[in-house]
Student: 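Below are the structure tokens for one structure; questions will follow.
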Amino acid sequence: MRRGLAGLLVNVALALGALFTATPLLWMVSASFMPAGQASELPPRLLPNHPTLEHYATLFSRLDLARHLSNSLLIAIGSTLICVALCGMAGYAFAKLEFRGRERIFRLLVLGMLIPAQVGMLPLFLLLKGMGLVNTMAGVMIPMMAPIFGIFMVRQYALGIPRDLLDAARMDGASEGRLFWTIVVPTMRPILATLATFIFLSTWNDFLWPLIVLSDDARYTLPVALANLSGEHVQDTELMMAGAVLTVTPVLLVFLVLQRQYVRGLFLGSVKG
Amino acid sequence: MSAAGARAQAAAGWAFVAPALTLIGVFFFLPVLAGLFLSVTDFDIYAIAAPQVARFVGLANYRHVLVDPVFWKALGNTLFFVLAGGPLSVVVSLGAALLVTSRLARAPALYRSVFFAPVVTTLVAMAVVWRYLYHPRYGLVNHALSFLGLPPVDWLGDPHWAMPAIVLLAVWRRFGYNMLILIAGLQSIPDELYEAAALDGAGWWARLRHVTIPNLAPTLLFVSVMTMIDLFQLFAEPYVMTQGGPLKATTSIVLLMYEEGFRWWRMGHAAAIAFVLFVITLAATMLQLRLQRERDA
Amino acid sequence: MAARGAAEALMRASAAGLLALVAVGLGGCASAVGHGVTLRFWAMGREGEVVQELMRDFERENPGVHVRVQQIPWSAAHEKLLTAFVGDATPDLAQLGNTWMAEFVALRSLERLDPWRERSTLSPASYFDGIWDTNVIDGALFGIPWYVDTRLLFYRRDLFERAGIARMPESWAAWRAALAAVKRRAGKRGYALFLPPNEYEPLLVLALSARSPLLRDQGTRGAFSEPPFRRAFDFYAGLYRDGLAPPLRNNEVANVYQEFARGYFAAYITGPWNLGEFERRLPPELQAAWATAPMPGPDGKASGVSLAGGSSLVVFRGSRHKAEALRVIEFLSRPEQQLRFYRLTGDLPARREAWRDTALTGNPRIRAFGEQLTRTASTPKVPEWELIANRLRDYAEQVVRGGAPADSTLAALDRDVAGILEKRRWLLARRHGEVHAESAR
């Protein structure tokens, strides 16, 4: 009997929690389909009475959001590929390859993790200007190409790779490179998938850096374009919501699709922290 | 391992870390050092046009920052975000984790996804949505309050309520991520410990206090420290929702830095603010780690 | 042997990375390669949308010149223009809010327009004095006014009439009495004037009317504790203190137009964009009930000075097609183009010739703007001005909403401003020193 009551409480709590969590997202979707002005009604509406796609049409035609979408995709995918390659190699090396100064360098990197990214943001901007990378996609991607956190995460996971596995392959005459590619990478697949998802999400959602680096509105990423929209059409709630849905949807899809990999990778990569 | 083998490994090690280290060195540590340098100059709009008019000013920027009431207000705000938002976020995450891993929960995978959804959303988009939710007349939050018989609150317009409003948004966005980490931690606690406690007659509260929390401690520490560092750097929410207002009530340090550097082009000053933030974050992290070490001892 | 394997892996990864970088970089650098000249023209907001239409005609008149208009939202315009300058990515010409002139001139990013203007058909006499003046920095011309903007009173004529006021008064004393009468009639249900403390423009309008220079000593120190500004500030603070205006910011009032229609407040100091907005958003039965009037002055109508706002067209020094860019400016400055632009955006024309059109003279609400434009003044033309204006707003809000005493707050503002302007003082002193050294030789 007590179990039944406890079960009820647990599930009610979960349902309430889900309601609190999902309501803003659900309202966002609902409002994006409302005709103009309906989202500002009193009392607030939950559902549109005449759902319309006009705001989505406006976004794509008038505001060129398709281009921003593709910019975001390009940057996110580019950053992800580079980061997985670089952090994968470096993380494994810090965990499993002996070389002089390894621990000292790693400690320095960990200290670097404590430095907020903004500290170097202004000089980095000036450096990129000197290199001619301001207002380019490459300039936007640079901070995410080898984030220290990525190396940390991969190393944490790679520590768990059994040494015997590696030594056995070495004794068979495999080169370090071959070893990495044929044995280590498959073993690290969960954490690499995690890293990929994490970097994709971070770059997709990144707002401050693209805002600073990009001055050509054709190159804007989605969050920056959305923020620009936000200042202008303050009264056009429904248009804003459509823009928000558009920005959030791809990312949610990526998460749902990679969910199993992502969640598993998180478990294994961070618990020992 | 043979000497040749050791050499091969070392070479491989260097080759593997070189690309990442190069990028980090050039595009992270170098700018950081440059930032340190900028912070002792008065680099501003005049200097952008003519770098020779930038003057070396020693610690003047730091002094200016430390006597600026706006900086202290921003620091106070940021500390509020950290001290209110941090524990709240961790507690909510823990609660969600406990509920989702409870054996009595139905459809735990569904709930896990729902709770994680806010994490993957674009911050900018969510801040915009929440701005409308917080609308004093048309927002759903005040609408819900009216159902409970409470008067409407001017969430983003009232200096007293603007910060809690931002904190609520920040927690909503972050708790799912920490929840997943805590779930992992919970699932690694051996069942035997719970069984032993149950055999000793411990109820669920006692099991929580004596089995769950102690075994979860390292994970909880990790989550707390990461959350704290993240909240110290809060920027996008105040930037989009309140522009730091009302009356600077939601100006965070990073927002202040952004305005100083990118709106007013007082880059020397902004760099000094960034460094002060680094020192504060470092100090806070060391403090938290030391407190934990003492608690463990 | 092993190192080679590692190097292989490294090469492969670097190659992939490099390829990605190059692809992305190339994609980013793609520029139009074609015949003729392509001009990059940055315009903000609604103006950016509309000017594209006008450019079709320009292109027809000027074959071989293609104008690529890029629209930039106002909220990010300032940062974007400055970032473009630092990143060497400025356009050929741009719309520039005239309050930002000083900044961009200080950056040495704008092209001087005097030589061209003197050879052209444009003359300062065609423009409102105050507006033209905002484009002249240290005696040199850097922009041509495109459209103009100023602030004056929008008010519910019916509510004022019901309170016994037939015409908007012209002196501060009478105006204040009129507002008090309206407030008495509204009682608890409303206020007389909507004066959001987070907008600094109304306070600046009052300060300009009181003939405050806002900054003194060649724009190197604040003049906020001096009598002219004090007079304006006391009047301003008094409006709140006496309950004539609510201390509500403009984002705290749910919908300004609804509240105006409700009579929650009966007057608002705002600009020409609201002409269209009021027409669109107020209910039809109220369309005859609202009117505009020039700002009252402390000593009567002639002292009712307002802000010289609006946008100018500027050419960047980095442009490689300055001649063509100047042609665009000449085109947009023609009275018929100015009128066409007005009809599409509602932005008031800068050319006085355009003001003879019945579209403007036939509308009494717009006539009030025409009158106010003859009495406008520029805010200090120093690059730091926008920061100072923001500080002014913060300090003023402390007094109005926080109850801080005016004396000490304004003194603190002056100290703050002196700090902000320290670099300017230093630079001016240096330049002075150099000139003296020159003349001593």
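The chains referred to below are lettered A, B, ... by the order of the sequence lines, with proteins before strands, and numbering in each begins at 1. Hydrogens, waters and symmetry mates are skipped; everything else that's a heavy atom, side chains included, is used.
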Student: Tell me, for A:Arg170 versus chain B, whether the close heavy atoms (under 4.5 Å) come from the side chain, the backbone, both or neither.
Tutor: side chain

Student: Which atoms of B:Ile280 are under 4.5 Å from chain A, going by heavy atoms: the side chain, the backbone, both sets, or neither?
Tutor: neither

Student: Can you pull out every salt bridge (Lys or Arg N to Asp or Glu O under 4.0 Å) where at least one residue sits in residues 171-184 of chain B? Sequence neighbours excluded, please.
Tutor: B:Arg174-B:Asp230, B:Arg174-B:Glu237

Student: In terms of heavy-atom proximity below 4.5 Å to chain A, should B:Phe37 be classed as side chain, backbone, both, or neither?
Tutor: neither

Student: Side chain, backbone, both or neither: which part of B:Phe232 has a heavy atom under 4.5 Å from chain A?
Tutor: neither

Student: Parallel under 30°, tilted from 30 to 60°, perpendicular over 60°: which one fits the rings of A:Tyr92 and B:Phe16?
Tutor: tilted

Student: Taking side chain as everything from C-beta outward and backbone as N, CA, C, O, which of these in A:Ile151 sits under 4.5 Å from a heavy atom of chain B? Side chain, backbone, both or neither.
Tutor: side chain

Student: Roughly how far apart are A:Cys87 SG and A:Phe149 CZ, rounded to 0.5 Å?
Tutor: 11.0 Å

Student: Rounded to the nearest 0.5 Å, how far apart are CG of B:Leu231 and OG1 of B:Thr78?
Tutor: 10.0 Å

Student: Is chain B contacted by the side chain of A:Leu127, its backbone, both, or neither, given a heavy-atom distance below 4.5 Å?
Tutor: side chain

Student: For B:Tyr111, is it the side chain, the backbone, both, or neither that has a heavy atom closer than 4.5 Å to a heavy atom of chain A?
Tutor: side chain

Student: Quick check on A:Phe20 against chain B: is it the side chain, the backbone, both or neither that has a heavy atom closer than 4.5 Å?
Tutor: both

Student: Of all heavy-atom pairs between A:Met28 and A:Met241, which one has the smallest distance, and what is that distance?
Tutor: O-CB, 3.6 Å

Student: Which atom pair, heavy atoms only, marks the closest approach of B:Val26 to B:Pro31?
Tutor: O-CD, 3.1 Å

Student: Parallel, tilted or perpendicular, judged at 30° and 60°: which one describes the rings of B:Tyr239 and B:Tyr258?
Tutor: perpendicular

Student: To the nearest 0.5 angstrom, please state how far the CG atom of B:Leu98 sits from the CE atom of B:Met179.
Tutor: 11.5 Å

Student: Using a cut-off of under 4.5 Å for heavy-atom pairs, which of A:Gly91, A:Gly17, A:Pro24, A:Pro143 has the most such pairs with chain B?
Tutor: A:Pro24

Student: Please list, chain by chain and in numerical order, all residues satisfying ring-ring contact (aromatic ring centres under 6.0 Å, His included) with A:Phe200, sequence neighbours excluded.
Tutor: A:Trp204

Student: Please state whether the side chain, the backbone, both or neither of A:Ile105 comes within less than 4.5 Å of a heavy atom of chain B.
Tutor: side chain

Student: Pick one of side chain, backbone, both or neither for B:Leu99, based on which atoms fall under 4.5 Å of a heavy atom in chain A.
Tutor: both

Student: Between B:Val223 and chain A, with a heavy-atom cut-off of 4.5 Å, which part of the residue counts as in contact: side chain, backbone, both or neither?
Tutor: neither

Student: Please look at A:Leu128 and chain B and tell me whether the side chain, the backbone, both or neither of the residue comes under 4.5 angstrom of a heavy atom of that chain.
Tutor: side chain

Student: Quick one: of A:Val10, A:Thr21, A:Ile148, who has the most non-hydrogen atom pairs under 4.5 Å with chain B?
Tutor: A:Thr21

Student: Answer with side chain, backbone, both or neither: which region of B:Leu110 has an atom nearer than 4.5 Å to a non-hydrogen atom of chain A?
Tutor: neither

Student: How far apart are the closest heavy atoms of A:Gly139 and A:Val213, and which atoms are they?
Tutor: C-CG1, 4.2 Å

